[in-house]
> 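Supplied in structure tokens, the structure appears directly below.
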Amino acid sequence: MQFRDLKAQYKKHKLEIDTAIQEVITNANFIGGKEVIELEKELSEFVGAKYCVTCANGTEAMTLAMMAWDIKEGDAVFIPDFTFFSTGEVVSLKGATPVFVDVDRETFNIDTVKLETTIIKTIEEGKLTPKVIIPVDLFGLPSNYFEINRIAKKYDLFVLEDSAQGFGGNINGKSACSFGDVATTSFFPAKPLGCYGDGGAIFTNDDRIAELIKSFRVHGKGINKYDNVRIGVNSRLDTIQAAILKVKLRAFIEHELEDVNRVYQLYNERLAGIVEIPFIPEGYYSSFAQYTIKLKNKEQRKILQTKLKENGIPSMIYYVKPMHKQEAFSYLEFDERDFVITNELCDKVLSLPMHPYLSEEEINTVCDVIIGFIE
Ligand SMILES: *Cc1c(COP(=O)(O)O)cnc(C)c1O
């Protein structure tokens, strides 16, 4: 069994994918080919954002947003403590200070009450200037943008929606990647919408920010790439990846999103009451980058993981370590009491095989092992 079965996906869409790749090779427009422009248009339409700017990966997408807002030393950027390293890394890379906030135990996303108290505390201390909130749509579930956007407005902060795992989700029909002032996603192969290498995208409705990001991504270009008006980077999505993504986006919309939610339902039916299953609030729709259960404690999780492995079932721990415990952030000062929930989750969470091509038989195999073990 595969944790995320990219081979099954390729098998189903092989002809279209092979044709798309071959066409790019035949045309030899490897950088900035027509597929890149077409993909950006399709992505912005799907998300409901005015602009989509593709780039090299999800981390660079966030860095480009930081550059466009000129985030620098002395600025505070609020991010969830329970996320992939990238979310904090881009903040420190620009010389700003990541301020970690505990998450909600049920949704795994940033705790909006603690977010506001942390912002107030940062203002009162007076050492840093609050600038940005980076909510993460963890495991496919959009964050609570009603609250986040209210708080952002109140304290005059930008919102950067890190939807690397959230592409395809929505709240009452409004798509992930449309909530922040800027939103970013990743096309890393194992993400909900993945390419065959690295890739990423930025979404915004802001004309000025979109122009700036387009410039920053190609060496701070002015009229063209040999007219350089600012210091930028080289961060493009290549044409082959765009061509692959065009095919995969179609599959994603036509059946993958529904299929992955069907897998979620089947898991839930069998695991409810046995272990703690994922919580999707009313009106929210997840693209299920992960299906994550909670065990009683670290020991129980360890034994279950071994049992699953013995039965040929892969499982993963996202995440073993909270952000504030990463060595790279050891230069920052924390109060351990501020991260009670994240510390607990790191000991209890376990992600099970999850992808649109998981069969009912495979789901039952996973559930049989878990049920047999717990009972
Ligand atoms: C994967 C991921 C990223 C980074 O994306 P890359 O394309 O790998 O650079 C950022 N944030 C989160 C939450 C992620 O899961």
Side-chain angles (χ1 to χ4, degrees), residues 3-4 6 39 43 52-67 71 77-94 98 100-101 103-104 107-110 132-143 145 148 159-169 176-177 179-180 182-203 213 217 233-238 241-242 244-245 248 260 286-292 316-324 326 328-329 342 345-346 349 351 354-355:
F3 189 72
R4 197 158 186 96
L6 298 173
L39 176 72
L43 287 169
C52 168
V53 185
T54 54
C55 65
N57 56 64
T59 308
E60 285 276 295
M62 288 195 282
T63 305
L64 285 163
M66 294 283 141
M67 291 170 83
I71 300 307
V77 178
F78 302 88
I79 73 163
D81 194 35
F82 193 56
T83 178
F84 179 60
F85 184 64
S86 235
T87 318
E89 183 179 32
V90 298
V91 177
S92 294
L93 187 72
K94 297 316 292 174
F100 304 121
V101 179
V103 296
D104 179 86
T107 63
F108 303 119
N109 285 333
I110 198 162
V132 185
I133 306 167
I134 312 186
V136 177
D137 300 339
L138 206 73
F139 305 153
L141 180 70
S143 296
Y145 288 101
I148 291 164
V159 175
L160 170 55
E161 175 184 358
D162 178 359
S163 210
Q165 302 179 15
F167 189 84
C177 293
F179 294 106
V182 173
T184 57
T185 196
S186 162
F187 303 125
F188 182 81
K191 305 281 164 143
L193 177 64
C195 61
Y196 286 172
D198 278 311
I202 299 132
F203 297 87
I213 288 174
R217 109 178 129 162
V233 292
N234 173 15
S235 183
R236 293 175 295 234
L237 181 78
D238 67 69
Q241 298 306 338
I244 294 163
L245 281 166
K248 294 239 243 167
V260 89
S286 174
S287 56
F288 281 100
Q290 306 296 340
Y291 182 94
T292 302
M316 302 288 283
I317 300 170
Y318 297 122
Y319 295 93
V320 176
K321 230 189 243 188
M323 292 293 258
H324 77 274
Q326 291 289 357
F329 293 126
T342 304
L345 291 176
C346 289
V349 290
S351 299
M354 188 60 172
H355 58 82

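Order of listing sets the numbers, starting from 1, for every ligand and every atom in it. FYI, side chains are in, hydrogens and waters are out, and symmetry mates aren't considered; it's all heavy atoms of this structure.
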> According to side-chain contact (heavy atoms from CB on, under 4.5 Å), who are the partners of Ala289, at least two apart in sequence or on a separate chain?
Gln165, Pro192
> A side-chain contact here means heavy atoms from C-beta on lying under 4.5 Å apart; do Pro98 and Met323 qualify?
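SC-SC contact between Pro98 and Met323 ruled out.
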> Applying ring-ring contact (aromatic ring centres under 6.0 Å, His included), can you list everything that pairs with Tyr318, at least two apart in sequence or on another chain?
none
> List below, pair by pair, the N or O atoms of ligand 1 and of the protein that are less than 3.5 Å apart, including the distance to 0.1 Å; reply 'none' if no pair qualifies.
from, atom 1, to, atom 2, distance (Å)
ligand 1, 5 (O), Ser186, OG, 3.4
ligand 1, 7 (O), Gly58, N, 2.7
ligand 1, 7 (O), Ser186, OG, 2.7
ligand 1, 9 (O), Asn57, OD1, 3.4
ligand 1, 9 (O), Gly58, N, 3.3
ligand 1, 9 (O), Thr59, N, 2.9
ligand 1, 9 (O), Thr59, OG1, 2.5
ligand 1, 11 (N), Asp162, OD1, 3.3
ligand 1, 11 (N), Asp162, OD2, 2.8
ligand 1, 15 (O), Gln165, NE2, 2.8
ligand 1, 15 (O), Lys191, NZ, 2.7

> Considering only heavy atoms from C-beta outward, does the side chain of Tyr145 approach that of Asp137 to under 4.5 Å?
yes
> Taking C-beta and beyond as the side chain, do Val90 and Leu160 meet within less than 4.5 Å on heavy atoms?
no
> Could you note down all residue pairs passing side-chain hydrogen bond (donor to acceptor under 3.5 Å, both in side chains) where residues 188-200 supplies at least one of them, sequence neighbours left out?
none
